[in-house]
Amino acid sequence: MTSTVHRTCPLCEAVCGLTLTLDDGGHVTGVRGDRDDPFSKGFICPKGASLGRLDEDPDRLRKPLIREGELWREVGWDEAFAAVRAGLGRVADRRSIAVYLGNPNAHTMAGALYAAPLIKALGTRNVFSASTADQMPKHVASGLMFGHPLAIPVPDLDRTDYLLMLGANPLESNGSLCTAPDFPGRLKALRGRGGRLVVVDPRRTRTAALADEHVFVRPGTDAYLLFGIVHTLFAEGLARPEGYELNGLEEVRQAAKQFPPEVVARRTGVPAETIARLARELAAAPTAAVYARIGTCTAEFGTLAQWLVDVLNVLTGNLDRPGGAMFPKPATEFAGRRRPYAVGRWKSRVRGLPEANGELPVATLADEIETPGEGQVTFLLTVAGNPVLSAPHGDRLDAAFRQLDFMVSVDPYLNETTKHADVILPPPRVLQSGHYDFALLGFAVRNYARYSPPLLPLDERPSEAQILARLAMIASGLEGDLDAFVIDEMLRKATQTPGSGIEGRDVAELRDLLEGETGGERRLDLMLRLGPYGEWAGKGDLSLRKLLDNPHGLDLGALEPRLGEVLKTASGLVELAPPQLMEDVERLRGKLEEEPPEIVLIGRRHLRSNNSWMHNVGPLVGGSNRCTLQIHPADVARLGLDGEAVVRSAKGQVTVPVEPTDTIMPGVVSLPHGWGHAGSAQSVAAEHAGVSANTLTDETTIDVPSGNAVFNGVPVTISPTGVIIAH
């Protein structure tokens with residue numbers, strides 16, 4: 001006997017709907033795309049097709065573990081939480097606590113709803129996450145330009161006539177900070193309706209191969225290229241920012257004079273005539289959008305690149321315009337009151353690096369653990385993260401974690417990071433968890449909402465939400481229901497906010513109206529009712545009940561102009577030339593004439609992978625999803641490589657199989673991210689160990705405005721195995 005159920009895939013940013021077949025024992029016997037989902041329309045990728053294998057991975061932890069020396073002991077939940085309470089009780093100064101949140105937190109309700117209360121309860125400013133190894137430059141650029149770090153314009157893929165894409169490979173990644181199921185189909189449709197797709201990338205990726213034009217660019221030089229385009233728009237009278245209320249237009253014009261195409265061409269490797277032509281094409285297109293992602297974020301001038309993306313969208317008149325770059329309207333958006341955006345409200349203890357979005361750069365986490373003194377980190381909590389493989393100079397972090405007095409990990413695996421924990425608290429299976437994409441639907445190319453309730457019972461184990469809530473209560477020293485506290489606080493704020501739709505109403509009365517089997521569902525119900533389509537906001541009838549009654553999801557319409565709604569700057573204007581970024585322009589100009597290194601390292605995405613946590617599923621490893629060094633055949637011949645090569649940087653070295661390919665620029669080599677599983681407790685991952693690219697990356701080099709780590713453009717040397725190079 002089988003049953004058919006539906007849920008959202010939680011494995012990447014595409015939020016595709018899935019149709020699952022379950023047997024009587026709750027085992028997944030089949031997965032296909034949900035054809036009735038109005039957003040994904042049946043699209044599925046290999047990761048989604050393997051959800052059942054991932055969900056039932058025999059290496060997933062079922063019970064908490066406590067480490068005793070080099071051995072692990074399975075324990076009950078009460079004993080595990082008691083151990084956490086004892087470890088936290090030995091912390092005399094809350095400034096000695098640090099938290100690291102990994103990428104999967106953006107894909108779970110628990111991560112979205114419970115991480116913030118947990119951090120508040122721990123009382124620390126030492127908060128680190130995968131964001132400063134990935135996307136913080138976009139948040140900082142958007143915060144400074146538009147006043148809110150989540151006011152991120154996304155390309156209106158389904159209506160644009162021209163898309164200029166830099167450092168993104170959505171045919172492999174399925175999209176990032178641009179939620180678009182079936183990204184490949186949307187790009188093909190763009191071209192099919194006569195539009196033009198141009199991809200700028202040091203590799204001829206699958207996305208670049210699909211494009212009308214692929215432009216090779218030296219890694220880390222995207223800001224120079226974009227400035228060359230801005231220069232051309234001004235120099236040729238093509239800029240048309242009419243209709244926007246702006247600060248800083250003249251400052252941008254003056255800054256761009258320093259970066260003419262013929263000058264930046266030498267730095268970028270892109271011919272001057274190509275740079276000028278791209279500017280003219282952007283200006284001439286009926287509608288156009290510029291979109292850049294991780295390849296540009298994880299570079300030395302990541303924030304400048306992300307800023308210039310939206311400078312171009314403004315200068316071509318395509319910001320907040322159908323077919324251009326637009327602001328989604330997520331169903332759980334409730335702006336309330338907010339101070340204008342700022343960075344650097346506090347700084348890290350050792351290197352004095354500024355916070356952004358309430359976080360410190362993960363590039364300085366090892367400093368905070370290793371360096372003695374007041375506030376030295378001695379207690380670490382990680383949630384769904386593996387920074388030993390995902391943070392720069394991971395080998396240093398690996399050693400630093402051994403120095404901690406106490407470490408707690410909320411994670412389903414014993415991996416390269418959690419092996420250092422004193423207590424591991426494993427969340428339940430995916431199918432035992434409710435799912436709503438709070439974060440990702442804020443970047444969707446079409447407004448949409450879908451909730452997936454749990455498909456299987458918990459069987460007396462706590463949900464991930466309950467694990468995080470219990471940790472928060474332990475940290476706060478309080479007893480009671482965390483969700484009740486949070487709901488009452490949200491209701492009090494909403495009833496005191498003009499325009500919320502429930503101002504002045506009774507909190508207890510409203511609380512009793514909320515639906516949901518869990519605290520997380522009740523909080524979701526509250527956010528939906530208060531959101532822009534919600535029944536309490538007076539703008540619709542959306543609630544948890546309506547989503548439960550529509551299990552395939554709801555289409556909430558195409559993106560609409562709403563710059564006036566999202567703009568939160570102190571001036572009330574788009575800040576086209578934020579002072580912090582104009583200062584960094586001087587740093588950019590100062591490196592304009594530098595000679596590029598002979599060889600630099602970049603990362604790469606694989607369709608069947610998502611960071612380090614999907615390498616333990618048999619169907620997702622092997623084939624093209626391998627840890628190899630992609631290198632141009634001319635460099636292979638010049639360096640005398642055969643089979644394997646030794647890659648060295650200022651921080652370390654790895655030996656890796658060579659994969660010659662003319663899809664990569666000469667002078668550039670590529671390693672995929674998230675490998676390095678030698679000796680892992682994860683059996684499949686250990687068999688396909690690969691090497692960690694972050695043995696080579698440098699934690700002392702960051703993007704200055706955002707603190708983001710630099711993973712692209714890392715200088716390296718390459719030699720055949722057996723060759724010793726003196727340093």
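Reckoned from all heavy atoms, side chains included, excluding hydrogens, waters and symmetry mates. It should be emphasised that the depicted structure is a prediction, and the values quoted were computed from it without experimental measurement.
- Summarising the geometry, atom CZ belonging to Phe183 is positioned 4.5 Å from atom CG belonging to Leu157; distances are rounded to the nearest 0.5 Å.
- Of the charged side-chain nitrogens involved, at least one lies within less than 4.0 Å of a carboxylate oxygen, so that Asp310 and Lys138 count as a salt-bridged pair.
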Under the side chain to side chain donor-acceptor pair (under 3.5 Å) criterion, do Tyr341 and Asn357 qualify, and how do the steps go?
CA-CA 9 Å; Tyr341 182 74; Asn357 289 11; 2.9 Å; yes

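- Ring geometry, Phe227 versus Phe259: the interplanar angle falls under 30°, so the pair is classed parallel (tilted spans 30 to 60°).
- Once rounded to the nearest 0.5 Å, the distance linking CD of Glu245 with OG1 of Thr569 reads 10.0 Å.
- For the atom pair Leu210 CG and Lys188 NZ, the distance stands at 6.5 Å (nearest 0.5 Å).
- Between Thr332 and Leu528 the shortest side-chain heavy-atom distance falls below 4.5 Å.
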Does the side chain to side chain contact (heavy atoms under 4.5 Å, CB included) test come out yes or no for Val704 and Glu583, once each step is laid out?
CA-CA 10 Å; Val704 173; Glu583 290 175 12; over 6 Å; no

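- Contact detail for Ala449 and Tyr436: the closest heavy-atom pair is CB-OH, 3.7 Å.
- When all heavy atoms of Val200 and Leu164 are compared, the pair lying nearest together is CG2-CD1, 3.9 Å.
- Within the model, atoms CD1 of Ile152 and CD of Gln306 stand 8.5 Å from one another, a figure rounded to the nearest 0.5 Å.
- Within the structure, side chain to side chain donor-acceptor pair (under 3.5 Å) contacts touching residues 277-290 (residues at least two apart or in different chains) are Asp161-Thr287, Tyr162-Glu281, Arg196-Glu281, Glu213-Arg277, Glu236-Arg280, Arg277-Glu281.
- Residues satisfying the side chain to side chain donor-acceptor pair (under 3.5 Å) criterion with Lys539, sequence neighbours excluded, are absent altogether.
- Around the CD atom of Gln254, the shell of radius 6.0 Å holds more than 12 heavy atoms that belong to other residues, nucleotides or ligands.
- Between Asp37 and Arg450 a salt bridge is recorded (basic side-chain N to carboxylate O distance below 4.0 Å).
- In this structure, the side chain to side chain contact (heavy atoms under 4.5 Å, CB included) partners of Pro330, at least two apart in sequence or on a different chain, are Glu333.
- Counting all heavy atoms, side chain and backbone alike, Arg240 lies closest to Ala283 at NH1-O, 2.6 Å.
- Under the 30°/60° scheme for interplanar angles, the aromatic rings of Phe327 and Phe146 are found to stand perpendicular.
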Under the salt bridge (charged side-chain N to carboxylate O under 4.0 Å, His left out) rule, what do Arg604 and Glu172 come out as? Steps first, then yes or no, please.
CA-CA 9 Å; Arg604 72 177 183 268; Glu172 303 279 7; over 6 Å; no

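- For the pair Asp134 and Arg293, the salt-bridge criterion is met [side-chain N within less than 4.0 Å of a carboxylate O].
- To the nearest 0.5 Å, atoms CZ (Arg125) and CD (Glu359) are separated by 14.5 Å.
- Other residues, nucleotides and ligands contribute at most 12 non-hydrogen atoms within 6.0 Å of the CD atom of Glu595.
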